[in-house]
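First comes the structure, then the notes that go with it.
Here is the naming used below: chain letters follow the sequence lines, and residue numbers restart at 1 for every chain. Given the structure is predicted, the values throughout are model-derived calculations rather than measurements.
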Amino acid sequence: EPEVTQTPSHQVTQMGQEVILRCVPISNHLYFYWYRQILGQKVEFLVSFYNNEISEKSEIFDDQFSVERPDGSNFTLKIRSTKLEDSAMYFCASSGTSGLRDEQYFGPGTRLTVT
Amino acid sequence: AQKVTQAQTEISVVEKEDVTLDCVYETRDTTYYLFWYKQPPSGELVFLIRRNSFDEQNEISGRYSWNFQKSTSSFNFTITASQVVDSAVYFCALSSGSARQLTFGSGTQLTVLP
């Protein structure tokens, strides 16, 4: 069964450093998403991406965040200058484009720890 | 604005008991979609069900059933004859209007004791 994959599973970085989180969505999906979950809290939407551009973003997704689809398979989230409060689990998701609102399939997550 | 409320923070039951997880949603859109996801201790998010606002038919899948009631803006999830493997955090989520983003509730931690 196709699945969303994410690398790395755990990333430790120092405050102020740049990190890139990588995702490979399900191959025939066209919508891609990033969410984050601070430990013990709800899952929060960051950004959605379609047709090589951002389609929606939340207020969390400020100028320090960017997304890119550098090739036909990868979807990345870059955090330019990490802060302690960026420590969270980051989930990538993808969905299809049928007439109904397709379910989003989530990857296993990348745990980001900023020290 | 859209909002999902899961008032039950934690529920603990003994194996084989039935348990219902509550979800109340708010949206001004007439077209919307509701979802349930399971997050086991390993941390991944597992899709369980999707419902759209035009289909109020309840659904049963094995030991799982869902009750969608537009009149009360609720989309409750029942596990029949619970098992230890059902222990997880369960999230209800909403996507409404033209936006595809999911708005999640705060989740219900279900613990099934042997």
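- One distance of note links OG1 of B:Thr103 with CZ of A:Phe45; it measures 9.0 Å at 0.5 Å rounding.
- Cation-pi geometry between B:Arg100 and A:Tyr31 is satisfied (NZ or CZ under 6.0 Å from the ring centre, within 45° of the ring normal).
- For residues 62-74 of chain B, every residue pair satisfying the salt bridge (Lys or Arg N to Asp or Glu O under 4.0 Å) rule, not counting sequence neighbours, is listed here: B:Arg63-B:Asp86.
- The disulfide bond (SG atoms under 2.5 Å apart) contacts involving residues 21-114 of chain B comprise B:Cys23-B:Cys92, where partners must be two or more places apart or lie in separate chains.
- Within a 6.0 Å radius of CG in A:Asp71, other residues, nucleotides and ligands contribute more than 12 heavy atoms.
- In this structure, B:Phe47 CZ and A:Phe106 CZ are separated by 11.0 Å, a value rounded to the nearest 0.5 Å.
- Proximity to chain A (any heavy atom under 4.5 Å) is restricted, for B:Gln39, to the side chain, taken from C-beta onward.
- Within 6.0 Å of CD on A:Glu85 lie more than 12 heavy atoms contributed by other residues, nucleotides or ligands.
- Linking ILVMFWY residues whenever their side-chain heavy atoms come closer than 4.5 Å, directly or via other members, places B:Tyr90 and B:Phe75 in the same cluster.
- The OH atom of B:Tyr37 sits 8.0 Å away from the OH atom of A:Tyr105 when rounded to the nearest 0.5 Å.
- For A:Leu39, the CG atom sits in a loose shell: 12 or fewer heavy atoms of surrounding residues, nucleotides or ligands are nearer than 6.0 Å.
- One N or O on the side chain of A:Glu56 and one on the backbone of B:Gln101 form a donor-acceptor pair closer than 3.5 Å.
- The two residues A:Glu103 and B:Phe35 have their closest heavy-atom pair at CA-CE2, 3.7 Å.
- In this structure, the side chain of B:Glu44 does not engage the main chain of A:Gly107 through any donor-acceptor pair within 3.5 Å.
- To the nearest 0.5 Å, atoms CD (A:Glu44) and CG (B:Leu102) are separated by 13.5 Å.
- For A:Lys57, the NZ atom counts as loosely surrounded, since its 6.0 Å shell holds 12 or fewer non-hydrogen atoms of other residues, nucleotides or ligands.
- In this structure, chain A has no heavy atom under 4.5 Å from any part of B:Tyr32.
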